[in-house]
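Shown next, in structure tokens, is the structure this report addresses.
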2 protein chains.
Amino acid sequence: MNEEEYLRTYDPKGFESPLLSVDAVLFTYHEGQLKVLLVERSNHPDKAKWGLPGGFVDLGADTCLEDTVIRKLKEKTGVIPPYIEQLSTIGNNQRDKRGWSVTVCYTALIARQECETHIDSVSDTQWVSLEQLPSLDLAFDHASIVQAGRERLKQKALYSIIPAYSLPERFTLSDLQHVHEVLLGKPIQKKSFRRRIEQADLLVDTGEKRSETGRPATLYKLKSLAGQHTFIRNLEL
Amino acid sequence: MNEEEYLRTYDPKGFESPLLSVDAVLFTYHEGQLKVLLVERSNHPDKAKWGLPGGFVDLGADTCLEDTVIRKLKEKTGVIPPYIEQLSTIGNNQRDKRGWSVTVCYTALIARQECETHIDSVSDTQWVSLEQLPSLDLAFDHASIVQAGRERLKQKALYSIIPAYSLPERFTLSDLQHVHEVLLGKPIQKKSFRRRIEQADLLVDTGEKRSETGRPATLYKLKSLAGQHTFIRNLEL
DNA sequence: TAGAATAAGTGTCAAATCGACACTAAAGGG
DNA sequence: CCCTTTAGTGTCGATTTGACACTTATTCTA
């Protein structure tokens, strides 16, 4: 049998495959806290519990896994987050009562303002701060996935400014430092933080200032953020 | 309908799922080069091409994805590699002629000696050096997966001594330095390399020496390697 | 058997980086 | 006008890093 013949007679339902879904841990920074987007499940299993935005691949509509995450995130937030990165894939026969189940997990970042109106308009979606998360009984193994996403983001805070994607397009260096401090769970020396930012050369001075109390702060934006969004497979480090 | 009832009537073949497989990029260090284990495909599609060891999840035998990789690697090498780490997951409707396909990829490391006899005994398995790899036309998107695995290992070489798992249990610091140099593609300063190793405090002096020409070198082994193997989900950094 | 050759392993020092902290700058408020 | 608040900079000692010469232990060879 040659390949052509094989493909013609190939039956995709010939053997059983695990359930395959995609989940996203979408973070934002708001009111001094990191928050995760949660969705109330409308279907069994774990119906009515809160869980991560995600779902099954649509073999017709999606051309790749990234299409699926984007589609799901857009459904829930109304927009495509500027930063999406593959986190890890979890698959076993215990995490889902229906049997063998695999989920490809992503972490994503967005400014809360970007999706504020859309999220406020629906009742089955909410931002939950990482502090109040332990008190919630999330669906499946989503609690540990959030934990893993948080760990990953913490590492990023050590050597990159990727957490900036959780802030509005224009932000001050103090804003960014606060995000990093929340992630790392400890204060950062102002001078060394600013030295690092300067060396990295990834921010642009917008020329604008923002003034609340005290000296007005310079507003920066990400150089890379020239409109399009950043997509990163976890093929690094 | 309550959850119990839902689960009783749930039909796993109710909707179409992508093909789900697992692939491993198994590296070893031999004769001054990094080599990858390749397997000749015995089935369509891409029959007779060389590809990565891997295959489908066995819903009966495997309790998790890691079981699957371990099973597949043991089939091909006769042993379980001491280091296995999730690399990334690739899924789209182009990589496999049969349609939508997802592969969960792992990188693994092993000493060539550990599986020498088993591999020599079969003809459909071979070590290929990374230099001669571009001339081979690998199955599916396996060439780019190897590339990604290599990149990941390169990063590890910068701040860890994980590449040590590609060496025999006992090795000299010069051995390890050579592996790192091959990975990074440039020479490393002997002193700084040894400083780093010493600080990390992850090696044990076995007390033995190995002498070829020149001064005999101390043989070290990994502290963690107390028999069992290391398994790492890519939830770090 | 005394070098010569070879590879392992150490000492040292200047340069670069990092942490700490005090200082200056620019705004608003009483 | 000075006090408070937050932004942003200067500086200096401590730590880390890179470069390279040097010492040590062994084999080979004349």
Side-chain angles (χ1 to χ4, degrees), chain A residues 29-32 154-161 163-164 167-222, chain B residues 29-32 154-161 163-164 167-222:
Chain A
Y29 180 76
H30 183 232
E31 290 172 340
K154 177 177 179 178
Q155 295 304 319
K156 298 277 175 198
L158 289 172
Y159 62 87
S160 82
I161 54 167
L167 293 172
E169 196 193 342
R170 286 139 200 271
F171 53 87
T172 70
L173 291 186
S174 300
D175 289 342
L176 186 53
Q177 183 175 340
H178 289 146
V179 179
H180 281 238
E181 285 174 336
V182 169
L183 277 167
L184 301 175
K186 65 176 184 191
I188 303 173
Q189 208 67 28
K190 187 165 48 164
K191 189 63 202 271
S192 25
F193 184 73
R194 293 171 112 92
R195 252 197 303 239
R196 210 157 66 74
I197 301 290
E198 177 155 26
Q199 287 208 339
D201 190 34
L202 295 168
L203 296 185
V204 197
D205 184 337
T206 63
E208 293 165 85
K209 303 270 176 187
R210 192 181 61 200
S211 167
E212 280 159 24
T213 68
R215 173 174 173 177
T218 309
L219 285 167
Y220 291 86
K221 63 178 177 183
L222 284 160
Chain B
Y29 180 76
H30 184 233
E31 291 171 337
K154 177 177 178 177
Q155 295 304 319
K156 298 277 176 198
L158 289 172
Y159 62 88
S160 82
I161 54 166
L167 294 172
E169 196 193 341
R170 287 140 199 271
F171 52 87
T172 69
L173 291 186
S174 300
D175 289 341
L176 185 54
Q177 183 175 338
H178 289 145
V179 179
H180 281 238
E181 285 175 337
V182 169
L183 277 168
L184 301 176
K186 65 176 184 189
I188 304 173
Q189 210 63 29
K190 187 164 48 165
K191 190 62 202 271
S192 26
F193 184 71
R194 293 169 113 92
R195 250 195 308 238
R196 209 157 66 74
I197 301 289
E198 177 155 28
Q199 286 208 339
D201 191 34
L202 295 168
L203 296 186
V204 196
D205 184 337
T206 63
E208 294 166 85
K209 303 270 176 186
R210 192 181 63 199
S211 168
E212 281 160 23
T213 66
R215 176 173 172 175
T218 309
L219 284 168
Y220 291 87
K221 62 178 178 184
L222 284 159

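Remember, predicted model here, so these are calculated numbers, not experimental data.
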Next on the checklist: Please determine whether a side-chain nitrogen or oxygen atom of Ser192(B) lies at a distance below 4.0 Å from atom OP1 or OP2 of dT16(D).
Outcome noted: no
Next on the checklist: Tell me the interatomic distance from Leu158(B), atom CG, to dT17(D), atom P, rounded to whole angstroms.
Outcome noted: 13 Å
Item to check | Nucleotide of dA25(D), dT5(D), dA7(D) approaching Thr213(A) most closely (side-chain heavy atoms) | outcome: dT5(D)
Checklist outcome for this item: For Tyr29(A) and Val182(A), the nearest pair of non-hydrogen atoms, with its separation, is CE1-CG2, 4.0 Å
Checklist entry - Between Gln189(A) and dG19(C), is there a side-chain N or O to OP1/OP2 distance below 4.0 Å? => result no
Item to check | d(NE2, His178(B); C1', dA7(C)) in whole Å | outcome: 10 Å
Item to check | Ile188(A) CD1 - dG8(D) C1' separation (whole Å) | outcome: 16 Å
Checklist entry - Heavy atoms under 4.0 Å, any strand shown: does Thr172(A) hit a base, just sugar-phosphate, or nothing? => result nothing
Checklist entry - Of Arg195(B) and Gly214(B), whose closest DNA chain C nucleotide lies nearer the 5' terminus? => result Gly214(B)
Next on the checklist: For a quick check, tell me whether the side chain of Arg215(B) and the base of dA25(D) share a donor-acceptor pair closer than 3.5 Å.
Outcome noted: no
Checklist entry - Pick the nucleotide of DNA chain C nearest each of Gln199(A) and Lys190(B); which residue has the one closer to the 5' end? => result Lys190(B)
Next on the checklist: So, OP1 or OP2 of dA8(C): does either fall under 4.0 Å of a side-chain N or O from Ser174(B)?
Outcome noted: yes
Checklist entry - Are side-chain heavy atoms of Leu184(B) and Leu158(B) found at a separation under 4.5 Å? => result yes
Checklist entry - Once you round it to whole Å, what is the distance between P of dC20(D) and CZ of Arg194(B)? => result 18 Å
Next on the checklist: Show the nearest heavy-atom pair for residues His180(A) and Pro163(A), with the distance to one decimal.
Outcome noted: NE2-CG, 3.7 Å
Checklist entry - What about Lys191(A): does its side chain form a donor-acceptor pair under 3.5 Å with the base of dG8(D)? => result no
Checklist entry - Atom NZ of Lys209(B) and atom P of dT26(D): how far apart are they, to the nearest Å? => result 8 Å
Checklist entry - At their closest point, which heavy atom of Ile188(A) faces which heavy atom of Phe193(A), and how far apart are they? => result CG2-CB, 3.8 Å
Checklist entry - Among all residues two or more places apart in sequence or in another chain, which pass the side-chain contact (heavy atoms from CB on, under 4.5 Å) test with Arg210(A)? => result Thr172(A), Asp175(A), Glu212(A), Leu219(A)
Item to check | Rounded interatomic separation in angstrom, taking CD from Glu198(A) and P from dT17(C) | outcome: 13 Å
Checklist entry - How many Å lie between CG on Leu176(A) and C1' on dG8(D), as a whole number? => result 15 Å
Item to check | Value in whole Å for how far the C1' atom of dA26(C) lies from CD of Glu212(A) | outcome: 15 Å
